[in-house]
Every structure is written in C-alpha cells, then in structure tokens.
Amino acid sequence: MLNRRHLRVKVLQTLYAYQLSEDKQVTKFEKALLQSVDQVYEMYIWALNLMDEVADYVLVDAEERANKFLPTEKDLSLDTRLHDNTFIVSLRNNEKYRADVKRYKVSWSFDPEIVRKVFQQLKGSEAYETYLNQEDRSIAAEKDIIKFIFKKIILTSPAIEQVFEERFINWPVDKEVLQAMIAKTFKNFASENPTQNKLAELTPNWDEDRPFITELFTQTIRYADEYQQLIGAKTKNWEADRIALLDTLLMRMAICELLNFPTIPVKVTINEYIELSKVYSTAKSNTFINGVLDKILGELQTSGRIRKHGRGLIQ
C-alpha cells in the first residue's frame with residue numbers, strides 16, 4: 001500500500017509538473033494528483049485480473065487440445081483445477097473486486113497473447129506440475145501457485161512490463177507498491193469463507209491521507225514565495241539557477257510540512273525529505289538540503305512558528 005513516503009513522492013511529481021507547466025490552474029493539478037494515487041489501485045486491479053484470467057485460460061487450453069485433429073489421451077483428460085483454484089474463486093466472489101474490474105473497465109482481451117503466454121510458461125513449470133499433484137485444496141495451499149504466477153512469470157515478463165508502462169505513467173515508481181499490495185492480498189485471503197477475505201487498502205488511512213496530500217500540494221503552492229524567501233536567506237552564496245528545481249521543491253514541501261502539519265514530528269519531516277532527495281535529486285542534494293533545512297528549522301523554532309501537538313510532539 002501507499003505509505004506517507006510514497007504519497008510525498010506523488011505530491012513532488014505533481015508539483016514538478018505544475019512548476020514546468022504554463023497552465024497554473026491549481027485545481028486541475030490537484031485532480032491529477034488524486035488520479036495518480038488512484039492509478040496505483042487501478043494497476044493493482046489489473047494485476048489481480050491478469051491472475052484471474054490466467055486461471056480461466058486453463059479451460060480454453062483444454063478445449064483447444066481436446067479439439068485437435070488427433071487428440072491424445074492426455075489431451076482429452078487434462079486437469080483444469082487451476083480454474084477452480086480456491087484463492088481465485090475467493091477473488092472472483094469478492095464484491096469489491098468485481099465492482100472495481102467493472103469500474104476500471106479491466107480486460108486483457110486487447111492482447112489475448114499475454115494471457116496465453118503466461119499460461120504456457122506456467123504449464124511447463126515444475127511448480128505447476130507440483131500443484132496438479134497436490135491434494136490439499138485449502139486456500140493456504142492453493143495460494144502458492146498464484147504467488148508463483150505473479151512473482152516468477154508476471155513480474156519477469158517484458159511484454160507485461162511494457163503493458164503496464166504504457167498504461168501507467170508512474171509504473172517504474174509504483175511497481176514496488178503494487179508488489180506490496182499483492183503480497184498484502186495473499187496475506188488477507190486466509191479464510192475458506194470468501195466473504196472474510198478482503199482486498200488490500202490503497203493507504204493505511206485514506207480519510208487522513210487524502211487531506212494530507214491535497215493540503216501539502218496546495219499549501220506548498222500558495223506559500224511558495226514565502227518559503228522561497230526562507231530558502232533564499234539561507235543560500236545567499238548560491239546562485240538561484242544553480243539550485244536544482246527538485247531540491248527547491250523538496251525544501252518548500254518540508255517547510256510547508258513543518259509549519260502546517262502539527263501532528264507530524266519535526267524529525268520525521270526532515271528525515272523524509274532528506275531520504276527523498278537521495279532518490280530523486282542529485283548526488284549531493286541530501287547534504288545540501290539537510291544543511292539548509294537545519295538553518296530554517298532553527299529560525300522557525302526561535303520565532304515560535306513551529307507548533308506541534310499529539311503525535312507531532314514525538315522527538
């Protein structure tokens with residue numbers, strides 16, 4: 001699922017796009033921010049549906065082999081238990097899954113070869129042979145072959161990688177989140193009663209996380225000039241055009257968070273933006289940002305502008 005760091009990245013990406021755009025309609029970019037978060041969940045549903053369709057394809061394969069001109073005895077007696085895999089059946093019976101497939105108009109029919117190739121690769125694996133020979137049909141046991149399909153075939157397929165890259169612009173960043181959500185789903189689906197098995201949540205608490213990202217985005221833009229003055233006062237020996245745009249945006253976001261989110265501890269904020277700079281900016285950015293934010297933090301604390309309460313008081 002998306003944690004706060006992932007959400008900060010979403011805000012950073014949207015701020016960067018806003019900064020480079022001639023269109024300065026904040027509401028338009030705020031909507032794009034929320035869509036970028038929702039796309040992670042849509043990606044998750046597409047991945048689940050691919051596993052569902054692969055399991056369904058066993059019937060297509062069996063029918064094709066049975067209808068061959070000269071079918072063998074094996075062709076006429078194929079084991080199609082994958083279609084009724086306990087995990088897959090539970091997924092198909094999940095009302096939210098069915099509703100989300102419909103909502104996002106998910107279907108891999110645009111390229112039937114993808115599902116076929118995944119199944120063909122699965123069919124030739126030792127893991128599939130082991131699955132067909134196992135007697136345990138509990139959901140705990142049946143999940144193993146679906147995990148194999150996802151981890152060993154779907155995640156390693158260049159063709160599937162290309163589909164996700166083309167459909168989801170932030171795939172390189174969000175792929176890690178997708179894997180975590182699928183892993184959470186395997187953990188959640190532990191009951192033989194399908195009604196007890198829940199899909200993964202997009203974030204730990206969307207009621208709190210939604211206003212966090214929208215306010216962080218809009219407040220960073222609203223007070224950009226003020227935050228830039230604070231940054232400028234601490235970087236007088238630096239020419240403005242020498243400071244990377246991403247560094248500037250990260251520092252503005254950090255200042256915004258220090259001033260406007262009283263329940264987030266100061267140390268958490270500083271550490272988060274230093275860590276983000278290591279991944280998304282230049283090699284020396286984390287040292288530079290750390291130094292500037294440390295000076296700004298001292299000034300804000302001295303002037304009494306940092307006001308924390310509740311969880312925000314944690315050191």
Salt bridge (charged side-chain N to carboxylate O under 4.0 Å, His left out) between Asp174 and Lys10, worked out: CA-CA 10 Å; Asp174 294 337; Lys10 293 294 183 187; 2.8 Å; yes
Verdict with reasoning, Phe186 to Phe87, per ring pair (Phe, Tyr, Trp, His ring centres under 6.0 Å): CA-CA 9 Å; Phe186 286 134; Phe87 172 86; 5.2 Å; yes
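Across Met253 and Thr220, no two heavy atoms sit closer than the pair CA-OG1, 3.9 Å. Nearest heavy atom pair, residue Val106 against residue Ile45, reads CG2-CG2, 4.0 Å.
Using the six-membered ring where Trp is involved, Phe119 and Tyr57 have ring planes that are tilted, between 30° and 60° apart. Between Phe212 and Phe261, the two ring planes are perpendicular [angle over 60°; tilted spans 30° to 60°].
For CD of Glu201, the number of neighbouring non-hydrogen atoms (other residues, nucleotides, ligands) closer than 6.0 Å is 12 at most. Atom CD of Glu176 is surrounded by 12 or fewer heavy atoms from other residues, nucleotides or ligands within 6.0 Å.
Among residues two or more places apart in sequence or in another chain, the salt bridge (Lys or Arg N to Asp or Glu O under 4.0 Å) test is passed with Glu226 by Arg305.
Separation of the Tyr44 and Trp46 ring centroids does not fall under the 6.0 Å cut-off.
Under the 4.0 Å criterion applied to side-chain N and carboxylate O atoms, Arg81 and Asp84 are not assigned as salt-bridge partners.
No side-chain donor from either of Tyr104 and Asn49 sits under 3.5 Å from a side-chain acceptor of the other.
Each salt bridge (Lys or Arg N to Asp or Glu O under 4.0 Å) pair with one or both residues in residues 21-36, not counting sequence neighbours, appears once here: Asp23-Lys28.
Here Leu250 contributes atom CG and Arg8 contributes atom CZ; the two are 11.0 Å apart, rounded to the nearest 0.5 Å.
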Show me the donor-acceptor pairs within less than 3.5 Å that the side chains of residues 163-173 make with the rest of the protein, sequence neighbours left out.
residue	atom	partner	partner atom	Å
Glu166	OE2	Gln162	NE2	3.0
Trp171	NE1	Glu161	OE2	3.0

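A donor-acceptor contact shorter than 3.5 Å is absent between the side chain of Ser90 and the backbone of Thr86.
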